[in-house]
Amino acid sequence: MSAKDEVAKLKPLNILLYPHSFVSGEHQKSFKVIYYLNKETKHFYTQATFTDAAQGPPKHVHGGVTAAIFDEALGGAAWFNGYPVLTAQLNLTFKVPINIKTKIFVDSWIDSIERKKIYLKGVMVDSDDIIYAEATGIYLFQDIEIFKKMGNLSDDYFNKVKNYIGINFHSIKVNK
C-alpha cells in the first residue's frame, strides 16, 4: 500500500509537539509536517508541504530541508516504537528534485537493532509514488533520563507521550 493510502487511513498524531524542534516546532515557517503511526506495521509516516522559504534551487526544495525531514521521520520511527534515540549517522540518496508545490510522504521504519544502535530506513514519495529520496540512518538508543537532563521538557512530557501513543519506552543501563 502506498504511503499516501496509509496516511489516508491513519489518524494524525497530536504528538504534544516539542515547541523548540527545528522540524516540527511552532516557529517553523518553511514547511509543515503531520505525523502518523501504524501500530500494526510499526511504520511511521510523515506528510510534508512546503512554502517558498524551503527553496534551494529555483522552485524546488532545498536538500537540507529534505535531510531535516528525513532525520525527524527516521527518528520518529524509533521514538514512537518506544526507542528514544539521537542521530549518529544519516545517509540520503536524492533521486528527483522536489518541486516546492509537491506534497510528499515519508515512510520510515526500524530495519534492525544491534545493542545501542538502531538502524532505520525511509523513502520519500509523492501522491503518485514517485520516489524523490531514500534514507538510511544509524541512531543511538539513549535512556530517557538523558533527555530529561537536556532541559526544555515538562516533567511529565514522556508520560504524556507514552499514554497518548500507548507505548512503553524501552530503557537501557546508563554507565556512570
### Summary
Scanning both residues in full, the closest heavy-atom pair of Lys29 with Ala53 reads O-CB, 4.5 Å
### Query
How far does NZ of Lys162 sit from CG of Asn168, to the nearest 0.5 angstrom?
5.0 Å
### Message
With a 3.5 Å distance limit and no angle check, can you tell me whether Glu134 reaches the backbone of Val123 through a side-chain donor-acceptor pair?
### Response
no
### Message
Please give me the minimum heavy-atom distance between Gly122 and Trp109, naming the atom from each residue.
### Response
CA-CZ3, 4.0 Å
### Query
Got a second to check how far Ile118's CD1 is from Ile110's CD1, nearest 0.5 Å?
5.5 Å
### Message
In the structure I gave you, are the side-chain heavy atoms of Ile100 and Val61 within less than 4.5 Å of one another anywhere?
### Response
yes
### Message
Working to the nearest 0.5 angstrom, can you tell me the gap between Ser24 OG and Ile34 CD1?
### Response
12.0 Å
### Message
Minimum heavy-atom separation for Asp107 and Ala3, please, with both atom names.
### Response
CB-CB, 4.5 Å
### Task
Consider only side-chain heavy atoms of I, L, V, M, F, W and Y, link residues closer than 4.5 Å, and tell whether Ile98 and Ile69 are in one cluster.
yes
#### Entry: Separation of Leu37 CG from Phe80 CZ (nearest 0.5 Å)
8.0 Å
### Message
Can a side-chain donor-acceptor contact be found between Thr46 and Glu72 if the only test is distance below 3.5 angstrom?
### Response
no
### Side-chain heavy-atom pair Lys117, Leu140 within 4.5 angstrom cut-off
yes
### Query
When rounded to the nearest 0.5 angstrom, what distance separates OH in Tyr139 from CD1 in Ile113?
14.0 Å
### Task
For residues Phe50 and Ile104, determine if any side-chain heavy atom of one lies less than 4.5 Å from a side-chain heavy atom of the other.
yes
### Query
Tyr35 and Trp79: aromatic ring centres closer than 6.0 Å?
no
### Message
Do Phe22 and Asp71 have side chains that approach each other closer than 4.5 Å (heavy atoms only, starting at C-beta)?
### Response
no
### Query
When rounded to the nearest 0.5 angstrom, what is the spacing between OG1 in Thr102 and OH in Tyr132?
4.5 Å
### Task
Indicate if Leu13 and Phe169 have the same hydrophobic cluster label, given that clusters are the connected sets of ILVMFWY residues with side-chain heavy-atom separations under 4.5 angstrom.
yes
#### Entry: Shortest non-hydrogen contact from Ala67 toward Leu90
O-CD2, 3.6 Å
### Query
Are the side chain of Ser108 and the backbone N or O of Ala73 linked by a donor-acceptor pair below 3.5 Å?
yes
### Message
Check this for me: Asp155, atom CG, are more than 12 non-hydrogen atoms of other residues, nucleotides or ligands nearer than 6.0 Å?
### Response
no
### Query
Under a 4.5 Å cut-off applied to non-hydrogen side-chain atoms, are Leu86 and Met150 in contact?
yes
### Task
Tell me whether Val65 is reachable from Leu92 by hopping between hydrophobic residues (I, L, V, M, F, W, Y) whose side-chain heavy atoms are closer than 4.5 Å.
yes
### Query
Does Tyr36 reach the side chain of Gln47, with side-chain heavy atoms less than 4.5 Å apart?
yes
### Message
Is it the case that over 12 heavy atoms from other parts of the model lie below 6.0 angstrom from the NE2 atom of His62?
### Response
no
### Message
Using a 3.5 Å distance criterion without hydrogens, assess whether the side chain of Gln28 forms a donor-acceptor pair with backbone atoms of Ser30.
### Response
yes
### Task
For atom CZ of Phe94, decide whether the heavy atoms of other residues, nucleotides or ligands shown that lie under 6.0 angstrom number more than 12.
yes
#### Entry: Linked, directly or transitively: Phe44 and Phe70 (ILVMFWY side chains, under 4.5 Å)
yes
### Query
What is the minimum heavy-atom distance between Pro84 and Phe147, and which atoms define it?
CB-CE1, 3.7 Å
### N/O donor-acceptor pair under 3.5 Å between Asp143 side chain and Glu145 backbone
yes
### Query
Short question: side chain of Lys39, backbone of Ile165 - any donor-acceptor pair under 3.5 Å?
yes
### Task
Kindly work out whether a path of hydrophobic side-chain contacts (I/L/V/M/F/W/Y, heavy atoms less than 4.5 Å apart) joins Val106 to Ile131.
no
#### Entry: Co-members of the apolar cluster containing Tyr119 [side chain, <4.5 Å]
Ile138
### Query
Do you know which two heavy atoms are closest between Leu120 and Ala78, and how far apart they sit?
CD2-N, 4.0 Å
